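Working notes for the structure below.
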2 protein chains.
Amino acid sequence: MKSALEKLNRIDRHILRELQADGRITYAALAERVGLTTTPCIERVKRLERDGYIKSYTAAVNPEQLDAGLIVFVQIRLDRTSKQSFEEFKNALIDLPEVQECYLVSGNFDYLVKARLADMAAYRVFLQDTLLSVPGVQGSTSIMVMEVVKETLAIPVPYS
Amino acid sequence: MKSALEKLNRIDRHILRELQADGRITYAALAERVGLTTTPCIERVKRLERDGYIKSYTAAVNPEQLDAGLIVFVQIRLDRTSKQSFEEFKNALIDLPEVQECYLVSGNFDYLVKARLADMAAYRVFLQDTLLSVPGVQGSTSIMVMEVVKETLAIPVPYS
DNA sequence: ACTGAAAGTTCCACAGA
DNA sequence: TCTGTGGAACTTTCAGT
């Protein structure tokens, strides 16, 4: 079984690195960085997009300045007796703008939710009125983030 | 105290939404979407960048296709007796490419680390040879992600 | 799969309101 | 802070290797 990265040659991996570092780089500048002219460079980028290596491009905005400076992880335990609970919970959660990540995880609880809130007041409202009022939720444990040590979106792509 | 969002007018918030949804949109198209001509639109984007609302632009790549399909959260307990441990730990962690997020958190353990690995074999190596061999680490608990329900980078910016 | 060039867009600085 | 304009830069297509 070939590793996923080996399907991409050195230039493609270089392109992925550059586009992760600067998603708005021009094709002309990108081509120069990876040692191509613009035409084949654009072709490679389009193929990376088509093949799903690049899902989208996005501006990374600063949560601190946008009423979302508080990060909290909430472990949610669901009522396991009904299988319907899981689907209901997912559907309820997926549209909440405060919820940035949600995972089904191993262990004593069922879901791990990462949310961004303005402050503790907003957190209390979110937990009580939103999360805990979803049908099937049995209990929760919150982990408050005191300090962000690292937070990156980048997937490492080796060998320049 | 004015909320952070209220420092931005409707057009600026609209720009932030559009750039989060498509980080490579041309200024011409962005200007049309927000109802401006290109010159003032570019000025607003540059100001949002200067004022730190926009931190960077990035391509979102697919971890599944890049040997990083497995997500694991590791709770790390540190030796609390030495204050030096915290700095050492942070410095050791911050450069690890597998570590996508790292937080100092409240509760029984000290750090919560989110890492992306190729598979369970890579996870075991990472935990033993990398995380647990950092000086000052007393213990760890791992939470394996079974299913990704939601994973977004976007910070909600209300009122179009 | 790449080069180079031509034609069409976009960017961006400047003048003006 | 906006509109409009013109030259430079960039994108994109196409013929050729």
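Because only heavy atoms are used, hydrogens play no part in the values below, and waters and symmetry mates are left out as well, while side chains stay in. Letters go in sequence order (proteins before strands), and every chain restarts at 1. Everything numeric in this text was worked out from a predicted model, so none of it was measured.
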>> Could you tell me how far apart B:Lys46 (NZ) and D:dT1 (C1') are, to the nearest whole angstrom?
In response: 18 Å
>> Using 0.5 Å steps for rounding, measure from the CD1 atom of A:Ile71 to the CD1 atom of A:Ile143.
In response: 12.5 Å
> Got a sec? Which of residues 49-59 of chain B come in under 4.0 Å of DNA chain C, heavy atoms?
Replying inline: none
Where do N or O atoms of nucleotides 1-3 of chain C meet protein N or O atoms at under 3.5 Å, pair by pair?
unit_1: C:dA1; atom_1: OP2; unit_2: A:Arg47; atom_2: NH1; d: 3.2
unit_1: C:dC2; atom_1: OP1; unit_2: A:Arg44; atom_2: NH2; d: 2.9
unit_1: C:dT3; atom_1: OP2; unit_2: A:Thr37; atom_2: N; d: 3.3
unit_1: C:dT3; atom_1: OP2; unit_2: A:Thr37; atom_2: OG1; d: 2.5

> Could you state the CG-C1' distance from A:Leu30 to D:dC10, rounded to the nearest angstrom?
Replying inline: 13 Å
>> How many whole angstroms separate atom CZ of B:Arg24 from atom P of C:dT10?
In response: 14 Å
>> Quick one: does any side-chain atom of A:Lys114 pair with a main-chain N or O of A:Glu101 as donor and acceptor, under 3.5 Å?
In response: no
> Counting only N and O atoms by type, is there a donor-acceptor contact under 3.5 Å from the side chain of B:Gln65 to the main-chain atoms of A:Asp51?
Replying inline: yes
> So which nucleotide from D:dT12, C:dC12, D:dC10 ends up closest to the side chain of A:Tyr27?
Replying inline: D:dT12
> Can you check the A:Glu32 CD to D:dC10 C1' distance for me, whole Å?
Replying inline: 13 Å
> Hey, is the main chain of A:Leu78 close enough, under 3.5 Å, to the side chain of A:Asp110 for a donor-acceptor pair?
Replying inline: yes
> Does the cation-pi check pass for A:Arg24 over B:Tyr27, that is, NZ or CZ under 6.0 Å from the six-membered ring centre and within 45° of its axis?
Replying inline: yes
> Taking CD1 from B:Ile42 and P from C:dC11, how many angstroms apart are they, rounded to a whole number?
Replying inline: 6 Å
>> Tell me if the centroids of the rings in A:Tyr103 and A:Tyr111 come within less than 6.0 Å of each other.
In response: no
> With the threshold set at 4.0 Å, does a side-chain nitrogen-carboxylate oxygen contact exist between A:Lys55 and A:Glu49?
Replying inline: no
>> Between A:Asp12 and A:Arg44, does any NZ, NE, NH1 or NH2 come within less than 4.0 Å of an OD or OE carboxylate oxygen?
In response: yes
